[in-house]
Amino acid sequence: MKYTGKINFDALDIESQEFKEIVYAVANGYEYLKLVNIKDRESSVIKISPLLDNLIGDSSPENVPVFILENLILPEYKERFSYFINVDRIIDTLNERKKTDTIDIQLLADDGSIIWLRVKVILISSNPEDGMPWSYLATMTDITQEKNDEQKTFEALQVAFDSAQQANSAKSDFLSRMSHDIRTPMNAIIGMTAIAATCLDDKERLSNCLEKINISSKHLMSLINEVLDMSRIESGRMVLSEEKINIHDLVDSLVSIIHPQVENKKQHLEVSVSDITHPYVIGDSLRLQQCFLNFLNNAVKYTPEGGCVTLSVTERPDSSADSSIYEFIIEDNGYGMKPDFLNHIFEPFAREEDSRISKIQGTGLGMPIAYNIVSLMDGSIDVTSIPDKGSKFIVTIRLKVQTGPENQEASSDTQKESETYDFTGKRILIVEDNEINLEIAEELLQMTGATIETAENGKIALDMVRESEAFHYDLIIMDIQMPVMNGYNATMAIRSLDRPDTKSLPIFAMTANAFVEDVDMARNAGMQEHIAKPLNIETLYSAIKKWV
C-alpha cells in the first residue's frame, strides 16, 4: 500500500494524537520517509509523496532507493549512491557516533527534467549499553529549486567575478595609459622649467619655455578634468546647470578655442549657422562647450595637415512650444574609422589601433564623456565614418527656448571684458591655507594695484572682518577646504555679523571643488562668485571687475 502524501501511522504504532501531530509536522518537509529497525532488519514506509509515487510507478514504496539506483539516477551519481544506501555502511557510519549522513543526487524524469534529491539517514535510537544504533530514518527531500537557485547565484557570482576581472584589467590599462599621458606634459613642465632657470637673461628663450610650460599645463589640466568627469558620470553624480545661452555666442566660442589648432595644422575650418529661429535657449553652456570641443578636437587631431573640418548648426521645430531641436554636425575628411571600431567608440579608454594616430595624445575618455553629456540632455549622436575618407558626427539636442523680453540677454560667458585691470585703492582679503596658492593669488592681485591682506583659515578671516572698521574690505577671496573653519562656514558667519557692510560685501569662492554642486553650495553659503583652481587669470580679474 502506498501512503501517497499521507503519514502511515500504523507503521509507527502511535496512539497519542499529540505525538501524531509532531510526526506529521516533521514528515511534512520530506518526499519520502522510511523507518528502519536495524535489530530486526525490518522497515516501514511512513510517507511517499506524489512526486516519487509518479516516478516509481508500480514499484513497491519499500524499494524506492533501489528503484532510483537502477532506473532514475544519473550515471555520475550511481556508484556513490549505491555505496551510500548499503545498510552495513549506514550502520558503521551511525556507529561512529554520527547522528546523520547525507548525499545529494540527480534524477532524470520521464519528461527529461532533472530532479535533485537530498537523501539522508537520521539515527533514531541506539543501545544504551554499547551505543550501537537500533533504528534510523531514511529520508528524501526535493531540493531542485534550491539547487536551481544555487546555480543562478553561482552564475551571477561568475558574471560579477568576470566583470570585476574586466574592471581590474581596465583599471590597470587605465593607470598605464594615464601614467604615460600625465608624465608626458609633466616631463615638459619640469624640463622646460629647468631650461628656463638656465636662461634667465635670454628673454626670447625664456618666453618660449614659459609658453611651452603653459601649453603643457593646460593639457595636464584637461587630462585631470576628463578623468574626474568620467568618474562622476559613472557614479551618477554629474549634474547639469540651467543658464541662458546664445547659440551664436556658443558657436563663436567654439570657433575661437579651436581656431589656433586649425591654423597650426594649416587646415580649413568651415562654419555654418542657419535657420536659427530661437538663438536664446536654456542649458548648461559649459557642458555643451565641453561636448562639442571634444568632437572638434578629435576632428582636428585625426585630420592631416591641409584637411577640412566643418561645423554646422541648424534648428528644427519641436512638438513642444517651449523647446526646440538643435542639430550640430561636425565633419572632417581625415583618417576615418574602421566599421568594427564604431561599435566601441563611446566606450571608456577605447582607441583605434592605427600607426598614423599612435602618437596623437588622448585618454580615450573624450567620446564617452561627450556621449554621456548628450544622453543627460536627452539627445542623440549618429556617427558615420569611412577609412581614409573622414568622419561625421550628428548631435541632436532638445533645448528649452527663452521667452519674454529677457531672451535678448545673452550669456555673458562669451563676452570679452577689457584686458586692462586696475584695482588700485581696493583692499582684498585672501583666505588660503596653502602657502604656494596664497603666494600666487597675492602676486596676481598685487599686479593690479590692489592692497592685499591674508588669512590662513576661515576663523582668522572672521576675526579680521569683525575687528576691522565697516567697509574696510572691498572683497574677500575664500578657499573652501581649510583647517579650523572652512570657507562655507566662514562666509555664513561673516554674513551674520551685525554691521552694515557684511551683507553686501563680495565674497568669492576660490577652490579646487569645481563641480556644479560645488558652485551651488558656494552660492547657498552666501558667495557671489566661484573661481575654480587652477586659476584662470582673465576669469579672476573679470569677476573682480564685475563686483568691485
Side-chain angles (χ1 to χ4, degrees), residues 229 233 238 240-259 261-262 267-303 307-334 336-337 339 341-343 345-346 366-386 389-403 407-408 410-411 413-414:
D229 279 342
I233 287 169
M238 176 173 275
L240 297 177
S241 64
E242 288 194 351
E243 54 194 352
K244 296 177 182 178
I245 303 172
N246 183 329
I247 295 295
H248 296 289
D249 287 346
L250 175 63
V251 173
D252 289 343
S253 176
L254 293 172
V255 171
S256 65
I257 293 173
I258 202 67
H259 195 263
Q261 299 177 47
V262 173
Q267 295 170 340
H268 179 61
L269 176 63
E270 295 181 0
V271 181
S272 171
V273 182
S274 60
D275 300 324
I276 303 296
T277 307
H278 304 92
Y280 300 101
V281 296
I282 301 294
D284 190 324
S285 62
L286 179 63
R287 294 301 180 190
L288 282 172
Q289 186 179 87
Q290 178 185 13
C291 171
F292 296 123
L293 279 178
N294 276 328
F295 291 118
L296 286 168
N297 279 324
N298 275 6
V300 173
K301 283 196 299 184
Y302 300 116
T303 298
C308 181
V309 176
T310 301
L311 168 64
S312 61
V313 186
T314 56
E315 179 183 350
R316 300 205 315 260
D318 188 20
S319 56
S320 174
D322 61 351
S323 64
S324 201
I325 296 173
Y326 296 84
E327 186 177 81
F328 293 76
I329 300 177
I330 299 93
E331 191 170 6
D332 64 71
N333 61 351
M337 294 171 282
F341 180 70
L342 289 179
N343 297 325
I345 186 173
F346 296 119
M367 288 294 97
I369 290 171
Y371 175 81
N372 280 280
I373 289 173
V374 173
S375 297
L376 284 172
M377 296 179 177
D378 294 326
S380 64
I381 303 175
D382 292 319
V383 189
T384 56
S385 186
I386 301 174
K389 296 290 184 180
S391 303
K392 182 178 182 179
F393 291 82
I394 302 175
V395 183
T396 305
I397 297 177
R398 176 181 286 102
L399 294 171
K400 187 185 297 183
V401 174
Q402 293 185 48
T403 57
N407 66 5
Q408 299 302 312
S411 172
D413 292 341
T414 58

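Nothing fancy with the numbering, it's 1 onward along the sequence. This structure is a prediction, so every number in the text was calculated from the model and none was measured.
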Visitor: Hey, could you give me the CD1/NZ distance between Ile282 and Lys244, rounded to the nearest 0.5 Å?
Guide: 7.0 Å

Visitor: Which heavy atom in Asn333 sits nearest to a heavy atom in Cys308, and how many Å separate them?
Guide: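 Heavy atoms only, the tightest pair is OD1-N, 2.8 Å.
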
Visitor: Hey, could you give me the CD1/CG distance between Ile258 and Leu311, rounded to the nearest 0.5 Å?
Guide: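 The CG atom of Leu311 is 10.0 Å from CD1 of Ile258, to the nearest 0.5 Å.
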
Visitor: Under the salt bridge (Lys or Arg N to Asp or Glu O under 4.0 Å) rule, collect the residues that match up with Asp382, sequence neighbours excluded.
Guide: none

Visitor: First locate atom CD1 of Ile330, then atom SG of Cys291, and finally report the distance between them rounded to the nearest 0.5 Å.
Guide: 7.5 Å

Visitor: Taking side-chain contact (heavy atoms from CB on, under 4.5 Å) as the definition, give me every residue that meets it alongside Val401, ordered by chain and number, with sequence neighbours left out.
Guide: His278, Ser324, Tyr326

Visitor: Please report the interatomic distance CG(Asp332) to NZ(Lys301), rounded to the nearest 0.5 Å.
Guide: 12.5 Å

Visitor: Could you list all the salt bridge (Lys or Arg N to Asp or Glu O under 4.0 Å) pairs where at least one residue sits in residues 310-325, not counting sequence neighbours?
Guide: Arg316-Glu327, Asp318-Arg398

Visitor: Can you tell me how far CD1 of Ile381 sits from CD1 of Ile394, rounded to the nearest 0.5 angstrom?
Guide: 11.5 Å

Visitor: Could you go step by step and tell me if Gln267 and Thr303 meet the side-chain hydrogen bond (donor to acceptor under 3.5 Å, both in side chains) rule?
Guide: CA-CA 8 Å; Gln267 295 170 340; Thr303 298; 4.8 Å; no

Visitor: Mind checking whether Phe328 and Phe292 have parallel, tilted or perpendicular rings, split at 30° and 60°?
Guide: parallel

Visitor: I'd like to know if the side chain of Ser272 pairs up with that of Ser312 as donor and acceptor (distance under 3.5 Å, no hydrogens or angles considered).
Guide: no

Visitor: Does any part of the side chain of Met337, heavy atoms only, come nearer than 4.5 Å to the side chain of Val383, both counted from C-beta?
Guide: yes

